[in-house]
Amino acid sequence: MTAVRTRFAPSPTGSLHVGNARIAVLNWAVARHHGGAFVVRIEDTDAERNVAGAERALLRDLDWLGLDRDEGPAADDEPEAGPHGPYRQSGRMALYRSRTDELLASGHAYRCFCSQEALEAERARAIDRGRAPRYAGTCRTLDAERAADRAGAGEPHIVRLATPGRGEVVVEDLIRGSVVFDAAEIGDFVLVRTDGLPTYNFAVVVDDLDMAITHVIRGAGHLSNTPHQLLIYAALRAQPPVFAHAPTVLGPDRRKLSKREGARPLAALREEGLHPDAVVNYLSLLGWSSPSGDEVLERERIVREVTLDRLNAGDVVFDEDKMRWLSGQHIQRMPLDALAAAVRPYVAGSAAEPLLDGPFETALSAIRSHLTAFSEAPAHLAPLLGPQGSEAQARVAALAHDEAALRVLDAVRARLTGLEAWRSGEIQAALKAAGKDVGAAGPALYLPVRVALTGEEHGPPLADVAVVQGRETVLERLKGPVRTGASGC
Ligand code: GLU
């Protein structure tokens with residue numbers, strides 16, 4: 001069996017978003033599943049639509065997702081990787097020209113000199129008569145040699161494929177089964193424009209062939225291009241790849257995912273610090289599911305289990321909350337040191353920064369269950385340092401007027417003062433013992449301590465808070481509100 005080769009072929013017209021990133025995930029996972037190759041090709045022939053910096057951003061997003069490529073364009077200073085380069089279409093013009101010559105020579109393509117005005121008039125007439133516009137084939141009967149001479153003399157022209165004009169074109173789609181198109185509706189379409197640039201359909205076929213792509217996995221939006229591409233393969237007497245058109249991703253309003261409606265750029269997810277494995281996990285689940293029914297999947301498991309026959313043809317709806325939930329799940333499963341490394345850039349420069357100098361991993365383990373993104377860490381961590389802001393201070397001050405709370409704080413302080421080891425387990429036991437001393441349990445015991453230490457009514461386990469704050473600070477804070485109250489201010 002030939003090695004499986006898939007490709008992701010973005011146009012550098014914007015950034016990667018959840019819709020096209022999900023096509024990248026599928027291609028990558030299928031290639032890895034079969035031990036094949038994942039190729040990245042930049043489709044940049046439409047120079048007017050190209051956006052400066054977009055290619056670099058796309059590659060950076062793929063790197064962030066961990067979708068390593070076997071072949072593709074050079075990233076920054078690195079050389080191009082792979083034997084089928086160049087991997088930017090703009091560098092492949094000689095190849096398109098030679099395939100054009102091949103098709104012209106075999107009579108499967110011809111030069112067309114019809115003017116823009118003539119073509120537009122023809123189109124308008126068809127629409128007036130309620131028919132789908134289709135090129136009438138005026139130049140198809142021109143003598144090929146004379147046409148070559150005219151072209152050689154500089155006369156503007158395009159190159160069209162001589163299509164069969166009848167019969168069926170059948171797309172055998174791995175997800176949708178056989179999709180039948182009426183060849184009579186496909187006119188002699190354009191392969192090469194007046195400026196010499198190949199059209200999308202032509203360039204894609206030439207590249208997929210030359211790059212020995214075995215599986216073309218792309219969005220359902222491209223399904224209507226596939227019969228055109230099959231006709232080009234046939235004209236080149238080449239075996240087409242296997243096609244799989246993945247279901248369209250819809251926004252929450254069930255309309256095509258647009259920039260406005262949830263199609264957030266990957267860069268925004270990265271900046272916010274969603275776990276990239278969770279994003280890969282979530283994107284893999286758009287139309288696919290694990291045979292086990294499990295939803296939290298490590299990338300190795302996705303690679304092991306992914307098969308295109310488990311992809312549904314039906315549209316799928318993007319659900320940001322689910323992606324965030326998965327991010328939380330992946331964050332829970334991270335080794336603490338990796339989590340610490342991931343949140344460090346967000347904590348540096350935030351109110352929680354001083355925690356970096358203390359038992360930072362203890363602080364993190366106390367709050368990690370609340371995280372769905374790394375950027376959320378500072379807000380959860382900061383209260384560990386002590387009461388933050390005027391509301392928190394006010395809660396602490398209020399303790400001074402609460403007799404029951406003051407009794408609890410005294411008892412806890414007494415128990416903690418004598419503690420030998422300042423560790424979470426021992427601190428927890430001391431808290432309980434203090435509760436027994438004064439007949440307090442549950443919120444009556446924990447709430448005053450929490451408020452005294454953090455100024456908050458909710459938060460991470462108190463014993464962890466105490467470890468992070470350290471013995472001296474804790475004892476001081478347990479005493480603090482009493483003093484304020486006693487002085488009567
Ligand atoms: N460049 C095309 C796009 O960005 C993809 C072409 C293809 O997958 O065939 O939509």
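Counting starts at 1 for both ligands and their atoms, following the listed order. These values consider heavy atoms only, across backbone and side chains, with no hydrogens, waters or symmetry-generated copies.
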Step-by-step side-chain contact (heavy atoms from CB on, under 4.5 Å) determination, Arg5 to His215
CA-CA 6 Å; Arg5 292 174 58 83; His215 290 63; over 6 Å; no
Numbered atoms and elements of ligand 1 in range of Tyr200, under 4.0 angstrom, heavy atoms:
6 (C), 7 (C), 9 (O)
How far is atom 10 (O) of ligand 1 from its nearest protein heavy atom, and which residue and atom name does that atom have?
His222 NE2, 2.9 Å
Considering heavy atoms of the protein only, find what lies nearest to atom 8 (O) of ligand 1 and give residue, atom and distance to 0.1 Å.
Arg7 NH1, 2.7 Å
Which atoms from ligand 1 have a heavy atom of Ser11 less than 4.0 Å away?
1 (N), 4 (O)
Which atoms from ligand 1 have a heavy atom of Arg218 less than 4.0 Å away?
7 (C), 8 (O), 9 (O)
Starting from atom 5 (C) of ligand 1, which protein heavy atom do you reach first, and at what distance in Å?
Ala9 O, 3.3 Å
What class does the angle between the rings of His370 and His380 fall in, given that below 30° is parallel, 30 to 60° is tilted and above 60° is perpendicular?
parallel
So for atom CD, which belongs to Glu361, do other residues, nucleotides or ligands contribute more than 12 heavy atoms lying within a distance under 6.0 Å?
yes
Exercise: do Thr13 and Ser11 side chains pair donor with acceptor under 3.5 Å
no
Before giving the answer on side-chain contact (heavy atoms from CB on, under 4.5 Å), spell out for Thr100 and Leu191 the whole-Å C-alpha distance, their side-chain angles and the decisive distance to 0.1 Å.
CA-CA 8 Å; Thr100 308; Leu191 299 178; 6.0 Å; no
Evaluation steps, ring-ring contact (aromatic ring centres under 6.0 Å, His included), between His222 and Tyr200
CA-CA 11 Å; His222 282 295; Tyr200 155 72; 5.3 Å; yes
List ligand 1 atoms under 4.0 Å from Glu43, heavy atoms only on the residue side.
1 (N), 2 (C), 5 (C), 6 (C)
